[in-house]
Protein chains: 2
Amino acid sequence: MKDIVVDLIRRDTDYAFRFMAQLTGAYSGGGRLSARVLAKDNEVSYSLACKILQKLAGAGLVESTMGPKGGFRLAKNPETIEFKQIIEAVQGPVSVNKCLMGDYQCPLKGKCPAHPKMAVLQSQINGYLKKLTLQEFISGE
Amino acid sequence: MKDIVVDLIRRDTDYAFRFMAQLTGAYSGGGRLSARVLAKDNEVSYSLACKILQKLAGAGLVESTMGPKGGFRLAKNPETIEFKQIIEAVQGPVSVNKCLMGDYQCPLKGKCPAHPKMAVLQSQINGYLKKLTLQEFISGE
DNA sequence: ACCAAGTAGGACTACATTAGTCCGAGACGA
DNA sequence: TCGTCTCGGACTAATGTAGTCCTACTTGGT
């Protein structure tokens, strides 16, 4: 059997977690971290770091300041940032199955016995990801 | 924002569910269903159906009989088949993050604060997928 | 006023995975 | 021994992911 793996969390998103973790550390001090520093500290290329940070900024999770002495910082208190928001900002919504997406028309719609079970799993996952805040995520417990 | 979606369950696997569902219906009667019938009834090409059924057979979930009047049937009682087994037979193990796979060496191993949280989510998902049997999956409740 | 340090953001490329097809070979019943 | 059926690998097209590159824009310091 091949070593196929289905990941819920992509690599981009994993990088985003590290950035957010580092930004959380700097949050109380109020200081900004430049994309270059974040990239270097987390062993990600600068270009890619920019791309990911842009997505986070677009979702309103971080704020950017241009120019020298500029950089990024958390836009909100880390206790109010949901884990789910980070994931969705970078890689889009997570679903168990296409059938559960709003706009997808499953050919077995209505008569598919699997549907309700999938929905249960979906809501469990969503619940966990929403409940978990960035702050909790970072701190040991 | 693009309409990216991360799916836990791939299309192959979805087809496999339908096959298994149909085979469950025929199970008590003891009859076999040919790959051609399964393909047609579920609107999947014959070639692809064969491929998926081979995977299911390889995992010991269905039995095949060659020759005319041959076909597939469940290898076990549908109450003893775990949902998770079907998924893994077709698309391989499901993981939340590569970090949680045994053979992957995360560069932040040990000091990564995210690790334990991911592990919790992982085990929740696994637990649900293992607990759910094919029989429960098929029947309304 | 200008330059350097920084972000913004789209275009582009290489690569991996997925979904699906095709075809020859083996098995079995009539 | 013929037709129907599964077996199973090789192959292909399409899609998605990861990452790079380049240019434009912003702002603080001198």
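Letters A, B, ... mirror the listed sequences (proteins, then strands); counts begin at 1.
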Summarise how protein sits on nucleotides 24-30 of chain D as a single string, 5' to 3': B when a protein heavy atom is under 4.0 Å from the base, S for sugar-phosphate-only contact, - for no contact.
-BBBB--

How sharply is the helix from dA1(C)-dT30(D) to dA30(C)-dT1(D) bent, taking the axes over five pairs at either end and rounding to 10 degrees?
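Answer rounded to 10°: the end axes differ by 0°.
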
Using a strict threshold of under 4.0 Å (side-chain N to carboxylate O), is an ion pair present between R10(A) and D14(A)?
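Salt bridge flag = no for R10(A) with D14(A).
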
Identify, with sequence neighbours excluded, every residue that meets side-chain contact (heavy atoms from CB on, under 4.5 Å) alongside S123(B).
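In terms of side-chain contact (heavy atoms from CB on, under 4.5 Å), with neighbours along the sequence ignored, S123(B) is linked to no residue.
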
Could you say whether A57(A) or K51(A) is positioned toward the 5' end of DNA chain C, judged by the nucleotide with the nearest heavy atom to each?
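Final value for this comparison: A57(A).
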
Do the side chains of L134(A) and L74(A) get nearer than 4.5 Å, heavy atoms only?
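When only atoms from C-beta onward are counted, L134(A) and L74(A) do touch, with a gap below 4.5 Å.
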
Enumerate the residue pairs fulfilling side chain to side chain donor-acceptor pair (under 3.5 Å) with a member in residues 72-81 of chain A, sequence neighbours excluded, ordered by first and then second residue.
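Every side chain to side chain donor-acceptor pair (under 3.5 Å) pair that includes a residue of residues 72-81 of chain A, provided the two are not neighbours, is E63(A)-R73(A).
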
Which residue pairs pass the ring-ring contact (aromatic ring centres under 6.0 Å, His included) test with at least one member in residues 21-64 of chain B, sequence neighbours excluded?
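Listed once each, the pairs would be none.
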
Sequence neighbours left out, what pairs pass ring-ring contact (aromatic ring centres under 6.0 Å, His included) with at least one residue falling in residues 66-95 of chain B?
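Sorted result for residues 66-95 of chain B: F17(B)-F83(B), F83(B)-F137(B).
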
Compare side-chain N and O positions of [X] against OP1 and OP2 of [N] and report whether any pair is under 4.0 Å apart.
X	N	answer
R11(A)	dT17(D)	no
S47(B)	dG20(C)	no
Y46(B)	dC22(C)	no
R36(A)	dA5(C)	no

Touch class at under 4.0 angstrom, heavy-atom based, for Y15(A) against every strand present
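Touches sugar-phosphate only.
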
Of the listed nucleotides dA19(C), dA8(C), dG19(D), the one nearest the side chain of D12(B):
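Nearest to the side chain of D12(B) among the choices is dA19(C).
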
